[in-house]
Amino acid sequence: MIKKLQSSLKKLGVNNIPGIEEVNMIKDDGSVIHFNNPKVQASLAANTFAISGHAETKQLTEMLPGIISQLGVDSASSLRKLAQSVPIQESGAKLGVQADTIDEDDEDVPELVEDFDAPSKEES
């Protein structure tokens with residue numbers, strides 16, 4: 001089977017594309033077929049790409065945020081569904097601080113106790 005596939009790819013005139021670190025194929029159900037360091041071959045004239053190597057099926061959520069730049073228009077609906085399923089956090093939670101633990105005294109600006117302009121006035 002593999003020899004037959006290689007023979008068919010050779011007839012199409014595929015060339016190896018070096019330096020590709022990962023390939024992600026995003027399915028309609030939101031899962032991702034992830035290849036790490038795959039062998040990639042292509043024939044632009046035949047509009048054919050062949051990806052081979054060890055593949056893992058992962059959920060889109062496992063691949064975030066690194067996969068966002070790879071998402072196209074087709075995946076926007078999956079990303080929108082994902083965003084709607086995540087609970088909204090308050091601004092303090094983004095920093096790892098619970099909103100109810102912020103001390104109001106920490107937000108006060110201390111009063112000015114010295115005249116910092118005095119030394120410059122004495123020089124003139």
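All residue numbers in this chain count up from 1 along the given sequence.
From Asn24, atom CG reaches atom CE of Met63 across 4.0 Å, with rounding to the nearest 0.5 Å. For the atom pair CG (Leu44) and CZ (Phe49), the distance works out to 5.5 Å, reported to the nearest 0.5 Å.
Ser7 places no side-chain N or O within donor-acceptor distance of the main-chain N or O of Lys3, the cut-off being under 3.5 Å. For the pair Asp29 (side chain) and Ser31 (backbone), a donor-acceptor distance under 3.5 Å is present.
Considering only heavy atoms from C-beta on, Glu21 comes within 4.5 Å of Asn37 through its side chain.
The two residues Ala55 and Phe35 make their nearest non-hydrogen contact at CB-CE2, 3.5 Å.
Side-chain heavy atoms closer than 4.5 Å link hydrophobic residues (I, L, V, M, F, W, Y) into clusters, and following such links, possibly through other members, connects Ile33 to Ile20. Residues Ile17 and Leu12 fall into different hydrophobic clusters, defined by Ile, Leu, Val, Met, Phe, Trp and Tyr side chains chained together at heavy-atom separations under 4.5 Å.
With 3.5 Å as the limit, one finds no donor-acceptor pair spanning the side chains of Asn36 and Glu22.
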Could you check Gln59 against Val32 for side chain to side chain contact (heavy atoms under 4.5 Å, CB included), going step by step and ending with a plain yes or no?
CA-CA 6 Å; Gln59 290 301 311; Val32 179; over 6 Å; no
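Considering His54, Glu56, Met25 in turn, Glu56 is the only one that fulfils the side-chain contact (heavy atoms from CB on, under 4.5 Å) rule with His34.
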